[in-house]
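We name chains A, B, ... by the order of the sequence lines, and we start the count at 1 in each one.
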Amino acid sequence: MKKTATEEAVVVRVGDHEVRLTHLDKVYWPEDGYTKRDLIEYYHSVSQYLLPHLKDRPLSLVRFPGGVSSDGFYQKDAPQGMPEWVRIAPVMSKEKEDYINFILCDTVSTLVWMANGGAIEINPWLSRYTNLDYPDFAVFDIDPSEGSTWEDVKIVVKMVKSLLDQWNLLGFPKVSGATGVHVYVPVEPRYTYKEIQAFVKYGAQFIRDAYPEKVTLERKVKDRFGKVYIDFPQNARGQTIGSVYGVRATRGAPVSMPIHWDELDTVTPQAWNITTALSRLERTGDLFLPVISTKQNIDPVLKAALAGQHN
DNA sequence: TAGCACC
DNA sequence: GGTGCTAAGTCAACG
DNA sequence: CGTTGA
Ligand SMILES: [Mn+2]
Ligand SMILES: [Mn+2]
């Protein structure tokens, strides 16, 4: 007799709730042999590190119920029929006269439920539901374009570091799990998205002007060839960036992992994956904890940005 | 990334 | 045609 | 139409 989905399903207690898990042996990463079970076990295992970073943040999920070689889809609006204990954040849509019920992941139960739905990639907002218009960090998203290299990325990241040093600001780097690096600059949650983006753009312009041969701010992809793109427009309401400790739906199942600044020369952007991240985390602890606790004042830089009127 | 309004 | 902005499951079957 | 599963 053919197995039904019901027969494959298993109900487990995760945190405070029971979660129904299905198709655990579904191969999600064919080239690596990793299954949905591996994904769920990963997210479950790092939940104590990950959850504080997701708390109160509206999420865009990228779901791959057929695994990473099938098309995935973004999901913002919470699906009907989800467990009643999944918290949501209604946010008025810009285009339609209706709310989008963003999923909030504040418990391990919800995290595991999302993973069971094939939510490989987790993309949180830069602001929290409790303070939606005021991000609590700015991000320097450093992306190599075709024709540029990881070596180029490292140079640009170091330039970001020295610029932040000049400004007496703390930044926290992580490898993206794809090809680049994200540098988070935690701020007091009282700057608008426009201000946060102006801040990052101002810094990015300095870096481009210092090294125009290898750094670009061009929005058109074809104009970025051979250069490293500093993706400052990513700092905008409704935009998201792959979560720290989030998984990528690409070969190897890489995860986004914080690093120490002095590790930059010894790591690669996909240095960790769902099978190796936990031991790293247990050794280093959560290097991104200060991103939550640090609240920096960027008034001086913002003032200079507005006065300077770079282009 | 795709669709759409607007220039 | 280029630019800026926004959203982001779908479908079929069942009762 | 609400629910469920692929
Ligand atoms: Mn990036
Ligand atoms: Mn980017």
Side-chain angles (χ1 to χ4, degrees), chain A residues 1-11 18-28 30 35-37 39-40 57-86 88-105 113-127 129 132-133 135 141 143 145-146 176 178-180 192-198 200-201 216-224 229 231-243 246 248-250 311:
Chain A
M1 181 178 169
K2 187 166 170 274
K3 262 193 184 179
T4 67
T6 306
E7 282 165 343
E8 291 180 30
V10 52
V11 176
E18 294 195 327
V19 185
R20 184 158 172 273
L21 305 180
T22 53
H23 307 296
L24 290 172
D25 293 317
K26 169 95 189 168
V27 175
Y28 267 19
T35 62
K36 187 162 94 169
R37 175 182 285 102
L39 176 73
I40 292 171
R57 296 184 193 281
L59 302 179
S60 289
L61 305 178
V62 194
R63 295 177 53 190
F64 295 83
V68 303
S69 46
S70 309
D71 286 333
F73 58 89
Y74 276 75
Q75 183 158 35
K76 298 208 270 195
D77 207 11
Q80 276 196 312
M82 65 183 181
E84 73 284 355
W85 38 261
V86 174
I88 56 173
V91 176
M92 182 58 81
S93 165
K94 288 257 169 87
E95 287 198 343
K96 291 175 282 185
E97 189 180 312
D98 195 11
Y99 287 93
I100 298 171
N101 292 314
F102 283 89
I103 293 165
L104 299 178
C105 184
W113 168 76
M114 295 191 314
N116 183 67
I120 294 176
E121 303 193 355
I122 301 176
N123 302 138
W125 280 36
L126 279 62
S127 56
Y129 181 54
L132 254 197
D133 293 318
D141 175 18
D143 294 330
S145 310
E146 203 181 320
S176 73
T179 57
T192 63
Y193 274 99
K194 281 191 189 309
E195 290 173 319
I196 292 296
Q197 185 176 117
V200 175
K201 183 180 182 181
T216 180
L217 308 183
E218 292 296 334
R219 60 188 305 276
K220 274 175 280 179
V221 174
K222 66 175 181 66
D223 295 334
R224 300 178 192 162
Y229 177 54
D231 188 2
F232 67 87
Q234 197 71 220
N235 295 271
R237 179 180 161 126
Q239 294 297 114
T240 61
I241 200 152
S243 174
R248 296 281 177 167
T250 56
N311 50 319

Contact summary for [X] and [Y], nearest pair of heavy atoms:
{"X": "A/Ala236", "Y": "A/Gln197", "result": "CB-NE2, 3.9 Å"}
{"X": "A/Trp85", "Y": "A/Glu18", "result": "CZ2-O, 3.6 Å"}
{"X": "A/Ser69", "Y": "A/Pro30", "result": "OG-CG, 3.6 Å"}

For nucleotides [N] and [M], find the distance between their [atom1] atoms and express it as a whole number of Å.
{"N": "C/dA8", "M": "B/dC4", "atom1": "C1'", "value": "14 Å"}
{"N": "C/dG9", "M": "D/dT4", "atom1": "C1'", "value": "15 Å"}
{"N": "B/dT1", "M": "C/dA12", "atom1": "C1'", "value": "27 Å"}

Distance test, side-chain N/O of [X] to OP1/OP2 of [N], below 4.0 Å:
{"X": "A/Lys96", "N": "C/dA8", "value": "yes"}
{"X": "A/Arg219", "N": "C/dG4", "value": "yes"}
{"X": "A/Arg20", "N": "D/dG5", "value": "yes"}

Under 4.0 angstrom, heavy atoms only, what part of the nucleic acid is [X] near: base, sugar-phosphate, or nothing?
{"X": "A/Lys220", "result": "sugar-phosphate"}
{"X": "A/Lys94", "result": "sugar-phosphate"}
{"X": "A/Ser60", "result": "nothing"}

